[in-house]
> 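The structure is given below, and queries will be raised subsequently.
Quick caveat, the model's predicted, so the values are computed rather than measured. Quick note: numbers below take in every heavy atom, side chains included, and nothing from hydrogens, waters or symmetry partners.
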Amino acid sequence: MFKNLIIVFLLSLFSFNGFAQQRKNIEIKDSGAFGEIDEKNYPGARILTRSDAGQVHVYHDGIDMYCDQAVLYGKENFVEAYGNVKMIQGDTITMVARYAEYSGKTQLAYAKGDVVLTEPSSVLTTDKLFFDRAKQEAFYNEEGMVVRDSSGTITSTVGRYYMSQKKYRFLNTVKLVNPEYVLTTNQLDFFSETGHAYMYGPSKIVGETSTVYCERGFYNTNNDTGYFTKNSRIDYDNRVVVGDSMFFDRNKDFASATNNITITDTINNSIIKGHYAEVYKSKDSAFVTKRALAISVQDNDSIYIHSDTLMITGKEDNRITRAFRNAKLFKSDISGKSDSIHLNHQTGLTQLINLSRLDSKDVFAVKRRPILWNLTNQITGDTIHLKSNTETEKIDSLIVFENAFVISKDTLSTDYYSQIKGKRLVSLFDDNNQMKQVNIYKNAESVFILRNEEDEFIGLDKARSANIEIYFEAGDIYYYKRLIAPEANTYPEKDILKGALRLKDFDWREDERPLSVDDLFKDDPPLELPIIKGLAPAVPDEEFFDKNLLNRIDLADQESKPKVRYGDDRDDKPLKASRQLPSKQLKKEEIKKNLPKQSKPKNIKPSLGKVLEKE
C-alpha cells in the first residue's frame, strides 16, 4: 500500500512538472523605453519599444528574443516582434528576421522577411521560416538557401532542418552549387557537420570533365568522393560508364563500378562489358574483369574480344584494347584464341600473342599457341598480326611470326587436310574477307589434296621448299608455286603412307573454335556476383506540422478564445497560434475564410507609443 502511494505521488509530481513547463510564461528582460496599452487594436497586449540603451529583450524557456518593438499578449503567452529581430537558443542557434512571432504555449516560432538561421556549420536564409522548439526542427516551403563553406550553396523549394541530427532535408528542385560542380536532385539529405549528402530520385552531379547520374546515391562534399546505386552512370568527355554500383573520386579522376558494367567509347565506337571496372580518366585508362568483353562496333560486323582481364589505354586518337589471360576473339568470318590480344583502334592492328613466360617448346605453350580460324582455314603461330582497314572495316592482311601453320580440312572427306607450314606467313585478303594470297617464307612444307574435275580424290602432293606462294579463288587453292630448291612427291591413294598425311606439329583444334559470342564464355568458371547492399530507400518523415504540433496549436487556440465578443473587427481576427499555418494544414472545420496574406514588413525605425505595422 505504501509502495503504491509513492508511485502515485511520483506520477503526480511528474505531471505537475510537465504542466508547469507547459505553463512557463514569456518573460520581459528589458522593456525598452516604456510600455503602451492599446485595448482597441491589441486587446490584452502590452506594447514594448526599444530605448536608446538597447532593444526590447524577452525570454522563454531557453530562448532569448531581441527586437525594436514587441507586442506581448500575456494571457495568450504570445509575442509579436518587429524590426531587427534576433532569436538566440543556447550558444548554437541564432535566427534573425524583420518580423517574428512566438507562442510560449506551442513553442512554435514564425519568422518572415530576410530570415537567417545560423548554426555552427551552416547558414540558412529564406523569406519565411517555422521553428518548432519542442521538436527542435525548422521548416520552410517557399524557397530557401543553405550555405556551408566547404560544400557550397544549396537551394530548394522546401527544406527542413533537424537540429539534434544536424541534418537538412531538401525537397523539390534541389540544387547544390560548388565551384567544382553542380548537384541537382529531387531530395537531398545533408548533414551540415560532416558534409555528407544523400540523394534520392533522379540526380545529377555536373562537373567540368564529368557528369554523374543516379537515382540513389551518397556524396561526401568534404573530400569529393561518392557512391551511387540504382541506374547509376558517369559521363566523361568521351566515355560513358554504367554499373549497378559505382564509386567516384573527383580529385583522382577515378571511378570504379561493380556488376553489369558497360563502358562506351563514343569516339572509337567501342563498348566494354564486365562486372568489375576501374576507370582512371586522367590516365586515359580503364580496367575491366569478371566476364570482360570488348566490342569494337562496326556497321557490318562487330568484333568481340573476351578474356579474364581487359585494359583500355591511350587518348581517344590512340586507344588500345589489351586482353589478358585466355583471350578469345569472334567475328562472323574470323575467330581466334591466344594468351593475350592487343587491338589498336586507330591502325586496325590486332595482335594475338603467346605466353611470354613459357618456352615455345613447352607443351602448355604449344596448346595455347595463338590461333585464328577464317572460314575453313585454321592458322597458328607464335604471334599473329591481323591488319584491318579502319574505314572499310575489311581485313587487309595477316602476318604469322614463327612456326606458321595453316590447316584446311577437306570438305569431301574426314581424313584429309591441306597443310602449309614454315617460319613466317604473310597473307592478303579480298573484299569478302577471304584469303586471296598466302606466302610462306623459310623452311616451307606443304600437303595438298589432289582431286580431278569430278572432285574425286586422286592423291596427295607433299613437298618442301624455301618459300611457297599460294593463290586462292572462292576459298579454294587454284594456283601455287614452290620457290628455291623444291622437293615434291605425289602419292596416289594406294601408296599414301600413314605418316605422309600429317606434317610435323599438326594440331587440328576445331573443337576450340568460337562459333558465336556466347562461345567466348564457355570455358569460364561459374560467375558469382557480389550482392550489393547499396543505400536504403529514403524513409518519409512525418509532416513538420504533425499531429503533435497541430494538437498543441489547437489547444493554444482553444485556451485563447475570447470569452466575450467585441462587436467589431476584432471578433474576425484569426487566433494567433494557428494564423500562420499553411492552409493545407488547417482542419477543414477551422477554415472559414482565406487567411490574410502578409508581405515583407517595411524597414522600420523605433517608434514610441505606436505599434510598428506590417504591410
> Can you check whether Val158's main-chain N or O pairs, donor with acceptor, with Ser156's side chain at less than 3.5 Å?
yes
> Does NZ in Lys175 sit with more than 12 non-hydrogen atoms of other residues, nucleotides or ligands closer than 6.0 Å?
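Counting neighbours around NZ of Lys175, 12 or fewer heavy atoms of other residues, nucleotides or ligands fall under 6.0 Å, so no.
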> What verdict does the side chain to side chain contact (heavy atoms under 4.5 Å, CB included) test give for Phe78 and Lys105, after you've listed the backbone C-alpha separation in whole Å, the side-chain angles of each residue and the deciding distance to 0.1 Å?
CA-CA 8 Å; Phe78 190 90; Lys105 293 183 178 181; over 6 Å; no
> Could you report the tightest heavy-atom contact between Leu550 and Phe545, atom names first, then the distance?
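Minimum heavy-atom contact is CD1-O, 3.6 Å.
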> Could you tell me how the ring of Phe170 sits relative to the ring of Phe190: parallel (under 30°), tilted (30 to 60°) or perpendicular (over 60°)?
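Tilted.
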> How far apart are the closest heavy atoms of Leu48 and Ser31, and which atoms are they?
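Where Leu48 meets Ser31 most closely, the heavy atoms are CB-O, 3.7 Å.
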> Does Val56 reach the side chain of Leu72, with side-chain heavy atoms less than 4.5 Å apart?
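Result no, sub-4.5 Å side-chain heavy-atom pair not found.
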> Quick check: does any side chain N or O of Arg552 sit under 3.5 Å from a backbone N or O of Thr106, one acting as donor and the other as acceptor?
yes
> Parallel, tilted or perpendicular for Phe218 and Tyr198, by the 30°/60° rule?
tilted
> Between Glu119 and Lys166, does at least one N-O distance fall below 4.0 Å, as a salt bridge requires?
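So Glu119 does not pair with Lys166 through a salt bridge.
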> So that I can tick it off, tell me whether Glu76 and Arg579 are bridged by a salt bridge, with the cut-off set at under 4.0 angstrom between side-chain N and carboxylate O.
no
> Using a distance-only test with no angle check, is there a side-chain donor-acceptor pair under 3.5 angstrom linking Asn178 and Arg148?
no
> Identify the two heavy atoms, one from Gln55 and one from Gly83, that lie closest to each other, and give their separation to 0.1 Å.
NE2-O, 3.9 Å
> Looking at Arg133 and Asp61, would you say the former's side chain and the latter's main chain have a donor-acceptor pair under 3.5 Å?
yes
> Quick one: pull up CG in Leu527 and NE2 in His275 and give me the separation to the nearest 0.5 Å.
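If we round to the nearest 0.5 Å, Leu527:CG and His275:NE2 are 5.0 Å apart.
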> Counting C-beta onward and ignoring hydrogens, is there a side-chain heavy-atom pair between Asp541 and Arg160 closer than 4.5 Å?
yes
> So, taking the atom named OG1 in Thr185 and the one named OH in Tyr200, what distance separates them when rounded to the nearest 0.5 Å?
10.0 Å
> For residues 240-249, dump all side-chain donor-acceptor pairs below 3.5 Å to protein atoms at least two apart in sequence or in another chain.
{"from": "Asp244", "atom 1": "OD2", "to": "Asn260", "atom 2": "ND2", "distance (Å)": "2.6"}
{"from": "Ser245", "atom 1": "OG", "to": "Tyr227", "atom 2": "OH", "distance (Å)": "3.3"}
{"from": "Asp249", "atom 1": "OD1", "to": "Asn251", "atom 2": "N", "distance (Å)": "3.1"}
{"from": "Asp249", "atom 1": "OD1", "to": "Lys252", "atom 2": "N", "distance (Å)": "3.2"}

> Within a radius of less than 6.0 Å around CZ of Arg233, do more than 12 heavy atoms belonging to other residues, nucleotides or ligands occur?
no
> Compare every heavy atom of Tyr161 with every heavy atom of Ser192, then report the nearest pair and how far apart it is.
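So the minimum-distance heavy-atom pair works out to OG-OH, 4.2 Å.
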> Please examine the side chains of Phe544 and Arg169, heavy atoms only from C-beta on, and report whether any two atoms are closer than 4.5 Å.
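Side chain of Arg169 against side chain of Phe544, heavy atoms only: no contact under 4.5 Å found.
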> Report yes or no: do Tyr110 and Ser103 form a side-chain donor-acceptor pair below 3.5 Å?
no
> Return the CD to CD distance between Gln89 and Gln136, rounded to the nearest 0.5 Å.
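Answer for the CD-CD pair, Gln89 versus Gln136, is 4.0 Å.
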> Locate the shortest heavy-atom distance separating Ala538 from Gln187; write the atom from each residue and the value.
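Heavy-atom minimum between the residues: CB-NE2, 3.6 Å.
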> Looking only at heavy atoms, what is the nearest atom pair of Phe191 and Gln165, with distance?
CD2-O, 3.8 Å
> Using the salt bridge (charged side-chain N to carboxylate O under 4.0 Å, His left out) rule, collect all pairs that involve residues 261-280, keeping only residues at least two apart or in two chains.
Asp265-Arg319
> Looking only at side chains, do Tyr219 and Arg250 share a donor and an acceptor under 3.5 Å apart?
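Checked: Tyr219/Arg250 side chains pair up, N/O donor to acceptor below 3.5 Å.
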> For the residue pair Lys86 and Tyr66, would you count it as a cation-pi contact if the rule is NZ or CZ under 6.0 angstrom from the ring centre and within 45 degrees of the ring axis?
no
> Evaluate whether atom CD1 of Ile531 has more than 12 neighbouring non-hydrogen atoms of other residues, nucleotides or ligands under 6.0 angstrom away.
no
> Is it the case that over 12 heavy atoms from other parts of the model lie below 6.0 angstrom from the NZ atom of Lys204?
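At most 12 heavy atoms, drawn from other residues, nucleotides or ligands, come within 6.0 Å of this atom.
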> What's the spacing between Met95 CE and Phe131 CZ if we round to 0.5 Å?
7.0 Å
> Under the side chain to side chain contact (heavy atoms under 4.5 Å, CB included) criterion, do Glu101 and Lys576 qualify, and how do the steps go?
CA-CA 9 Å; Glu101 55 189 55; Lys576 296 179 181 62; 5.9 Å; no
> Between atom CD1 of Ile271 and atom CD1 of Ile263, what is the distance when rounded to the nearest 0.5 Å?
11.0 Å
